[in-house]
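Notes for the one structure printed next.
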Amino acid sequence: TVGAVAVDRAGNVACATSTGGIRNKMVGRVGDSPVIGCGGYADNLSGAVSCTGHGESILKVTLARLILSHIEQGKSVAEASQLALQYMGDRVKGAGGAIVVSPSGQWSATFTTERMAWAAVEDGVLWYGLEPNE
Amino acid sequence: MSAVLVVHGGAWAIPNDLAQASVEGVKAAACGGFAVLKAGGSALDAVEAAVMGLEDNGVFNAGHGAALNTDGEVELDSIIMDGRTLGCGAVSSVKNIAHPVSLARAVMEKTSHVMLTDRGANLFAESIGVATVPTEALVTELERTEWKKNKTYMAGVVEDFNAQAHD
């Protein structure tokens, strides 16, 4: 799965996610990626999220919306992502990752799997990582 | 207000031989998407451009690097959402489409629906003149090799996701 989130100079946010699914999956099996509120969600009032990971687990906790609800309650984008991924791990033993951007330009790349390739550009500076806590 | 763009290339046990290419791929996609923002483009345009860049890169499990299902087919899923209007478009189990994210955007902008699936998504693509590509164009040699190995030695869908499988 791949994804992107952005906030533009006007303060509008957007998200996008795309995937080929998992190898050898049942015909017709759909994971979280195309499901609104799970594989992605965007709202100028709270932020934009794109998720990746174990599809069925992300669906069960509606991970993208869960992250934004934590942000709406005042958490930072990093805290909100960590809380939501922790909840998914505890409740349905699923692992995954999420990238988040807020309308004010806060951003995070958080994951509970072994690795997640990510990159961010802010004010022309490029950030990127692969390992946990990088 | 500073513009920001973040991309990901999937969260899983990325093997060492894909690590470098994965990092290079997400860096390139982030720069490509940010160029749209820098030129004054919208966040929606930027995320579409960034994800298209990743769909074109066979390193990632989307578009031209898609995984094969148990029948050896490619079934692609995608979503795009506009935070300004809550407009949203998605496709699922669509076949032979090089840029599912652009088809998802067309669903958002040309229909009153949020998601179209399978044959319906392909009929919609055809109705708006989106070209199809052969399945072979969407599958790398590595994926075909791994799929055959998977088929031969592991019955059913690999579920030990946290260590072996990817999404």
Side-chain angles (χ1 to χ4, degrees), chain A residues 1-31 33-36 39-44 48 50 52-55 95-97 99 101 105 107 109 111 113-123 126 128 130, chain B residues 1-14 19 22-23 26-27 30 33-34 37 42-44 46-48 50-51 54-55 60-62 66-71 74-84 86 88 90-93 100-101 114-115 147 150 157 161-162 165 167:
Chain A
T1 302
V2 299
V5 292
V7 59
D8 57 32
R9 293 188 194 292
N12 297 312
V13 297
C15 75
T17 307
S18 184
T19 188
I22 47 177
R23 184 175 298 133
N24 205 22
K25 68 182 179 73
M26 282 176 74
V27 172
R29 175 265 184 190
V30 174
S33 297
V35 179
I36 189 172
Y41 198 83
D43 182 347
N44 274 7
S50 172
T52 172
H54 187 236
I99 52 173
V101 69
W107 62 272
F111 53 97
T113 52
E114 286 196 7
R115 284 177 165 169
M116 181 175 83
W118 63 270
V121 183
E122 179 186 13
D123 288 337
L126 174 65
Y128 55 92
L130 182 74
Chain B
M1 171 75 205
S2 65
V4 177
L5 183 123
V6 189
V7 302
H8 73 73
W12 58 296
I14 302 172
S22 295
V23 172
V26 291
K27 284 163 69 177
F34 190 77
L37 291 174
S42 69
L44 193 65
V47 296
E48 181 185 11
V51 169
L54 294 164
E55 287 174 336
F60 301 108
N61 176 17
L68 291 166
N69 71 13
T70 191
D71 280 0
V74 171
E75 294 179 301
L76 302 160
D77 309 321
S78 185
I79 190 168
I80 193 166
M81 188 163 184
D82 181 347
R84 185 176 59 83
L86 298 192
C88 181
V91 289
S92 57
S93 296
V101 68
V114 169
M115 183 188 287
W147 178 79
N150 204 281
V157 178
F161 168 74
N162 298 332
D167 57 1

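Each chain gets a letter, A, B and so on, in the order its sequence line appears, and its residues count up from 1.
Nearest heavy atoms, Gly96(A) versus Ala11(B): C-CB, 4.0 Å. A pairwise comparison of heavy atoms in Phe60(B) and Val2(A) identifies CB-CG1, 3.4 Å as the closest pair. Between Ile22(A) and Ala67(B), the shortest heavy-atom distance links the atoms C-CB, 4.0 Å. The heavy-atom pair separating Thr113(A) from Trp12(B) by the smallest distance is OG1-N, 3.6 Å. Heavy-atom minimum distance, Ser93(B) versus Val30(A): OG-CG2, 3.5 Å. Considering all non-hydrogen atoms of both residues, Val4(B) and Glu122(A) come closest at CG2-CG, 3.7 Å.
Proximity to chain A involves both the backbone and the side chain of Leu76(B), based on heavy atoms less than 4.5 angstrom apart. Heavy atoms closer than 4.5 Å to chain B are found in both the backbone and the side chain of Ile36(A). Contact annotation for Val27(A): both backbone and side-chain heavy atoms come within less than 4.5 Å of a heavy atom of chain B.
Heavy-atom pairs under 4.5 Å with chain A were tallied for Val26(B), Val7(B), Val91(B); the largest tally goes to Val7(B). With chain B as partner, the option from Gly40(A), Ser18(A), Ala120(A) having the largest number of non-hydrogen pairs under 4.5 angstrom is Ser18(A). For the options Gly28(A), Ala10(A), Gly11(A), heavy-atom pairs under 4.5 Å to chain B are most numerous at Gly28(A). Counting heavy-atom pairs closer than 4.5 Å to chain A, the top residue among Val114(B), Leu68(B), Val101(B) is Leu68(B). Heavy-atom pairs under 4.5 Å with chain B peak, among Ala16(A), Pro34(A), Gly39(A), at Pro34(A). Ranked by non-hydrogen atom pairs under 4.5 Å with chain A, the options Glu75(B), Glu55(B), Met115(B) are led by Glu75(B). If you tally non-hydrogen atom pairs under 4.5 Å between each of Ala48(A), Ala42(A), Ser50(A) and chain B, the highest count goes to Ala42(A). The residue among Ala30(B), Ser22(B), Ala66(B) with the most heavy atom pairs within less than 4.5 Å of chain A is Ala30(B). Contact count against chain A (heavy-atom pairs under 4.5 Å) is highest for Val6(B) among Thr70(B), Val23(B), Val6(B).
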Inset, instruction - Take Arg9(A) and Leu37(B), measure what side-chain contact (heavy atoms from CB on, under 4.5 Å) needs, and give me the verdict at the end. - result: CA-CA 8 Å; Arg9(A) 293 188 194 292; Leu37(B) 291 174; 5.9 Å; no
Inset, instruction - Go through the steps to decide whether Val51(B) and Thr17(A) satisfy the test side-chain contact (heavy atoms from CB on, under 4.5 Å), and finish with yes or no. - result: CA-CA 7 Å; Val51(B) 169; Thr17(A) 307; over 6 Å; no
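Under a 3.5 Å cut-off, the side chain of Asp8(A) and the backbone N or O of Ala43(B) do form a donor-acceptor pair.
Applying the salt bridge (Lys or Arg N to Asp or Glu O under 4.0 Å) test to Glu48(B) and every residue at least two apart in sequence or in another chain returns Arg105(B). Under the side chain to side chain donor-acceptor pair (under 3.5 Å) criterion, Ser92(B) pairs with Thr117(B), sequence neighbours left out.
Between Leu126(A) atom CG and Leu5(B) atom CG the span is 10.5 Å, to the nearest 0.5 Å.
For the pair Leu86(B)/Asp43(A), a side-chain contact is recorded, criterion being any heavy-atom separation below 4.5 Å from C-beta on. At least one side-chain heavy atom of His8(B) sits under 4.5 Å from a side-chain heavy atom of Thr1(A).
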